[in-house]
Amino acid sequence: EPEVTQTPSHQVTQMGQEVILRCVPISNHLYFYWYRQILGQKVEFLVSFYNNEISEKSEIFDDQFSVERPDGSNFTLKIRSTKLEDSAMYFCASSEDQTLRAFFGQGTRLTVV
Amino acid sequence: DAKTTQPNSMESNEEEPVHLPCNHSTISGTDYIHWYRQLPSQGPEYVIHGLTSNVNNRMASLAIAEDRKSSTLILHRATLRDAAVYYCILRTQGGSEKLVFGKGTKLTVNP
């Protein structure tokens, strides 16, 4: 079965630093997403991306966050000036169509110290 | 977003069927019923989805009530690997692209 790949699996960063989380969605998919899950809490939607632009974002996705699809295969989430509360699992997902199944990656565990 | 209600937890024995219920009394005609699950330390995984008719795939079956106000995810023979949190999510055709995850049902499978 096709897979969404995320790197790194674990990232430790100092508070105030910038991090870039990387994702390779499934090749023929058109819709891309980032979600996060703080330890012990629900999976929360951050942003969706279609046709090279953000199509929807949550209140969490403020100016600290940005997404990019730099080369037609990678999909990145940049977090500027990380805070302790940004520590979470970040999941990338992709889908062929917005109503069809979404495929999730295994996640990047971000730890801000 | 249309709301779903699921029990916090359920328990089953290995190799027995499991019926995971979901109530969605405010469902609209264009809402698809999706089920995802999340195994420990993994990303969510699609299980099945349907609109009106019952659906079967290699992982599970989805039974949808005639009035569509509830549905049941059926695992025909639970294995230890099925221990996970199961999420029932409504997605509106032509609506928001996001999946809204609730707390789901934590399924424990006993050997």
Side-chain angles (χ1 to χ4, degrees), chain A residues 1-7 9-10 21 23-26 29-51 53-61 67 88-110, chain B residues 1-9 22 27-53 55-62 73 81 84-106:
Chain A
E1 186 161 80
E3 280 187 348
V4 173
T5 307
Q6 290 186 244
T7 54
S9 56
H10 191 187
L21 309 183
C23 170
V24 179
I26 294 168
H29 285 187
L30 301 176
Y31 294 82
F32 313 109
Y33 312 88
W34 284 100
Y35 290 79
R36 79 171 185 190
Q37 186 174 33
I38 295 169
L39 187 64
Q41 297 189 24
K42 294 188 279 188
V43 177
E44 301 174 286
F45 169 78
L46 292 178
V47 66
S48 58
F49 192 85
Y50 170 72
N51 203 24
E53 60 183 26
I54 291 173
S55 48
E56 189 173 355
K57 60 182 181 179
S58 72
E59 288 179 357
I60 303 167
F61 194 88
V67 289
M89 282 291 286
Y90 287 81
F91 296 108
C92 173
S94 70
S95 64
E96 246 181 294
D97 179 274
Q98 63 194 98
T99 55
L100 295 178
R101 61 180 291 190
F103 289 76
F104 283 78
Q106 291 301 298
T108 293
R109 179 173 299 284
L110 177 65
Chain B
D1 299 307
K3 194 172 168 59
T4 63
T5 307
Q6 299 177 252
N8 289 334
S9 62
C22 180
I27 193 169
S28 74
T30 53
D31 286 337
Y32 284 78
I33 302 157
H34 284 244
W35 283 82
Y36 282 77
R37 70 180 185 180
Q38 188 175 22
L39 278 63
S41 302
Q42 295 195 26
E45 175 187 29
Y46 168 85
V47 178
I48 201 165
H49 78 281
L51 183 62
T52 55
S53 305
V55 185
N56 300 297
N57 67 20
R58 62 177 178 81
M59 287 181 74
S61 296
L62 176 59
L73 179 71
R81 199 196 168 275
V85 179
Y86 286 78
Y87 302 99
C88 170
I89 300 170
L90 301 183
R91 295 191 85 180
T92 303
Q93 185 170 20
S96 170
E97 299 160 24
K98 67 187 179 201
L99 290 165
V100 179
F101 288 84
K103 293 184 180 178
T105 297
K106 183 174 182 179

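Every chain is numbered from 1, with letters handed out A, B, ... down the list of sequences. For the numbers below, each heavy atom of this structure counts, side chains included, while hydrogens, waters and symmetry mates do not.
By the 6.0 Å contact criterion, CZ on A:Arg101 is enclosed, its count of non-hydrogen atoms from other residues, nucleotides or ligands being greater than 12.
Rounding to the nearest 0.5 Å places CD of A:Glu1 at 7.5 Å from CD of B:Glu45.
Of all the heavy atoms in B:Gly43 and A:Phe91, the pair that sits closest is CA-CE2, 3.3 Å. Taking every heavy atom of both residues into account, B:Tyr87 and A:Val43 meet most closely at OH-CG2, 4.4 Å. When all heavy atoms are compared, the tightest approach of A:Phe45 to B:Leu99 is CB-O, 4.3 Å.
For A:Gln37, the part lying near chain B is the side chain, with the backbone staying farther off; criterion is any non-hydrogen pair under 4.5 Å. Residue A:Tyr35 touches chain B through its side chain alone, counting heavy-atom pairs closer than 4.5 Å. Proximity to chain B (any heavy atom under 4.5 Å) is shown, for A:Gln106, by both the backbone and the side chain.
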message: side-chain contact (heavy atoms from CB on, under 4.5 Å), that's the test. Do B:Gln42 and A:Phe104 meet it? Break it down for me.
response: CA-CA 9 Å; B:Gln42 295 195 26; A:Phe104 283 78; over 6 Å; no
